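None of the values given here were measured: they were computed from a predicted structure. First the proteins, then the strands, lettered A, B, ... as listed; each starts at 1.
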There are 2 protein chains.
Amino acid sequence: MPLLMLKDLPRYECLLEAAREFPDLDPSATEVFLHLLRAGDEAFRVVESHLAQHDITQGRFGVLMALWGNDRGGEVRPPLSPATLAERTGVTRATMTGLIDTLERDGLVRREPDPADRRMMTVKPTRQAVALLTRILPGHFQRMAALMLPLTESEREVLVSLLQKIANQASTLSPTGDGSAAPTAEVAARG
Amino acid sequence: MPLLMLKDLPRYECLLEAAREFPDLDPSATEVFLHLLRAGDEAFRVVESHLAQHDITQGRFGVLMALWGNDRGGEVRPPLSPATLAERTGVTRATMTGLIDTLERDGLVRREPDPADRRMMTVKPTRQAVALLTRILPGHFQRMAALMLPLTESEREVLVSLLQKIANQASTLSPTGDGSAAPTAEVAARG
DNA sequence: GGCAGATAGTTAGGTGGCTAACGACAATTG
DNA sequence: CAATTGTCGTTAGCCACCTAACTATCTGCC
């Protein structure tokens, strides 16, 4: 996707050298950060290129998965609104409007007004969407499995727990993670 | 950034349940995949929001870092071309054209024709770019360090090695990783 | 009832990513 | 030398992401 800054990551010696000039630079932290972004980016691209073979993008796929997940599990659940989809897939409502536009144009989704609240719409997947997912998912799962093939089960557990620590820490640092001023002030104290 | 598909990751029991329906679904692999993308995305956003405070984006920051890195280390190195910058930052040449456009508009880089090869341009950072980086970098390093604070040094080493395994595996699976047909055939064998 | 504030969806404008195709030029090869 | 082949930068068009602002509607409080 769009987030890799350096194709060839800097060697560790270069980080050590740069750390002499910048006391704030933590070489091992920087190294983890760069490897995290690179691994995430490459894993993302593997899946993305597969979805592209079915003429679908990650954003649209996420919407279809959210809709599909809502329609499974026996119980009858109310259809989802654009706002709910935006929240579950992690994009803004404005972005969701665009995604639903293209999905609707391609016949994968239908918009219908919500009978109870006239501000709201409901979004429902069409049969073609279900058929498309049925075609895509096996290969999608195979690729995720193939990506993790080099890792043993215990390595996977370790990796998940370490990634969770980073994600939790990011939540406390990020503006969306609430905390607002406190972490910024602390981090920027020396800036 | 744009790569998270599910804000709240599915619980492991749901993955186990879904695996009964989809024999290709490897629950632990899927879990690692989702955590990897989420952690990468959140870490990315932490840094991105800091850069945004200085009116700069990740893509532009990457270009400036590449230019800055080229001008350091004593030796006189020839200025970089857009094609080289594209390769080092991992985007296409077309994308680099756009990035350089906005950087030039904002007075952070200058384009000059290459005297030796009239197809080529050279891209040089301005003084303002150096000043901007000097302002940004301390906070940038602080944020990377803060993100990794919950990890011990040995955990960082383990994490890097596990991430490397995934990145290597992605290279063998992805179309850019050469291999072209072979991995696809293997992965799709059961599809 | 009536008005203030919150919420849903959209629109407008900007950015950055991609592919495909181009013109200009360089390098190779007959 | 001429022709082919390849490379560089750009352009055009698409998509997805964002923020900010808008309209319509609902909710709650006087």
Side-chain angles (χ1 to χ4, degrees), chain A residues 1-5 7 41 44-45 48-49 51-64 78-87 89-106 108-109 111-123 174-176, chain B residues 1-5 7 41 44-45 48-49 51-53 55-64 79-87 89-106 108-109 111-123 174-176:
Chain A
M1 123 158 317
L3 55 72
L4 186 55
M5 45 190 56
K7 197 142 214 167
D41 189 62
F44 181 80
R45 284 175 199 261
E48 186 181 44
S49 71
L51 296 180
Q53 295 171 16
H54 297 271
D55 286 316
I56 202 170
T57 63
Q58 283 278 354
R60 283 183 269 201
F61 180 72
V63 176
L64 293 184
L80 299 176
S81 68
T84 308
L85 284 168
E87 187 189 353
T89 59
V91 301
T92 63
R93 283 176 296 139
T95 298
M96 187 52 60
T97 295
L99 286 172
I100 296 173
D101 281 347
T102 65
L103 284 169
E104 193 169 31
R105 183 201 60 190
D106 294 351
L108 295 171
V109 137
R111 275 185 175 98
E112 292 173 15
D114 183 310
D117 188 333
R118 284 194 294 171
R119 289 173 303 183
M120 286 203 273
M121 304 289 288
T122 65
V123 181
S174 97
T176 66
Chain B
M1 154 136 287
L3 55 71
L4 186 54
M5 47 188 54
K7 198 142 213 167
D41 189 61
F44 181 79
R45 284 176 200 263
E48 185 182 44
S49 73
L51 296 181
Q53 294 172 15
D55 286 317
I56 202 169
T57 63
Q58 283 279 354
R60 283 184 269 202
F61 180 71
V63 176
L64 292 184
L80 299 175
S81 67
T84 307
L85 284 168
E87 186 190 354
T89 59
V91 301
T92 63
R93 281 176 296 140
T95 299
M96 187 52 59
T97 294
L99 285 172
I100 296 173
D101 281 347
T102 64
L103 284 169
E104 193 170 31
R105 182 202 60 192
D106 294 350
L108 295 171
V109 304
R111 277 184 175 99
E112 292 174 14
D114 184 310
D117 188 333
R118 285 196 293 171
R119 289 172 303 181
M120 287 202 273
M121 303 289 287
T122 65
V123 181
S174 95
T176 66

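Comparing B:Gly98 and B:Ala116, the nucleotide of DNA chain C nearest to each residue sits closer to the 5' end for B:Gly98.
At least one donor-acceptor pair under 3.5 Å links the side chain of B:Glu104 to the backbone N or O of B:Arg111. With hydrogens and angles disregarded, a donor-acceptor distance shorter than 3.5 Å links the side chain of B:Thr122 to the backbone of B:Glu112.
Across all strands shown, B:Asp117 has heavy atoms under 4.0 Å from sugar-phosphate atoms exclusively, and none from any base. Within 4.0 Å of A:Thr57, counting heavy atoms only, lie sugar-phosphate atoms of the nucleic acid but no base atom. Residue contacts for A:Arg118: at a heavy-atom cut-off of 4.0 Å it reaches the sugar-phosphate backbone alone, with no base atom in range.
One can place CD of A:Glu48 at 11 Å from C1' of D:dC15, the figure rounded to the nearest angstrom. One can place CG of A:Leu99 at 14 Å from C1' of C:dG9, the figure rounded to the nearest angstrom. Rounded to a whole Å, the CG atom of B:Asp101 is 9 Å from the C1' atom of D:dT10. Rounding to whole angstrom units, CG of residue A:Asp106 and C1' of D:dC14 are separated by 12 Å. Across the protein-nucleic acid pair, B:Arg119 atom CZ and D:dT5 atom P stand 17 Å apart, rounded to whole Å. Regarding A:Leu85, its CG atom lies at a distance of 17 Å from the C1' atom of D:dC17, rounded to whole Å. Atom CE in A:Met120 sits about 9 Å away from atom P in D:dC26, given to the nearest Å. For the pair A:Phe44 CZ and D:dC17 P, the computed distance is 8 Å after rounding to whole Å.
Close to C:dT15, at under 4.0 Å from its OP1 or OP2, lies a side-chain N or O of B:Arg105. The side chain of A:Thr95 places no N or O atom within less than 4.0 Å of a non-bridging phosphate oxygen (OP1 or OP2) of D:dA16. In this model, the phosphate group of C:dT10 is approached by a side-chain N or O of A:Thr97 to a distance below 4.0 Å at OP1 or OP2. Contact check, B:Thr102 against C:dT15: no side-chain N or O comes under 4.0 Å of OP1 or OP2. Between A:Thr92 and the phosphate of D:dT19, there is no side-chain N or O to OP1/OP2 separation shorter than 4.0 Å.
When the options A:Leu85, A:Leu80, A:Thr84 are evaluated for a side chain to side chain contact (heavy atoms under 4.5 Å, CB included) with A:Val123, the one that passes is A:Leu85. Partner of A:Arg60 under the side chain to side chain contact (heavy atoms under 4.5 Å, CB included) criterion, out of A:Thr102, A:Leu108, A:Thr89, A:Val109: A:Thr102 alone.
We find that A:Arg45 and A:Asp41 are joined by a salt bridge, their nearest charged nitrogen and carboxylate oxygen being less than 4.0 Å apart.
Donor-acceptor pairing under 3.5 Å, judged by distance alone, is present between the side chain of B:Arg93 and the base of D:dG9.
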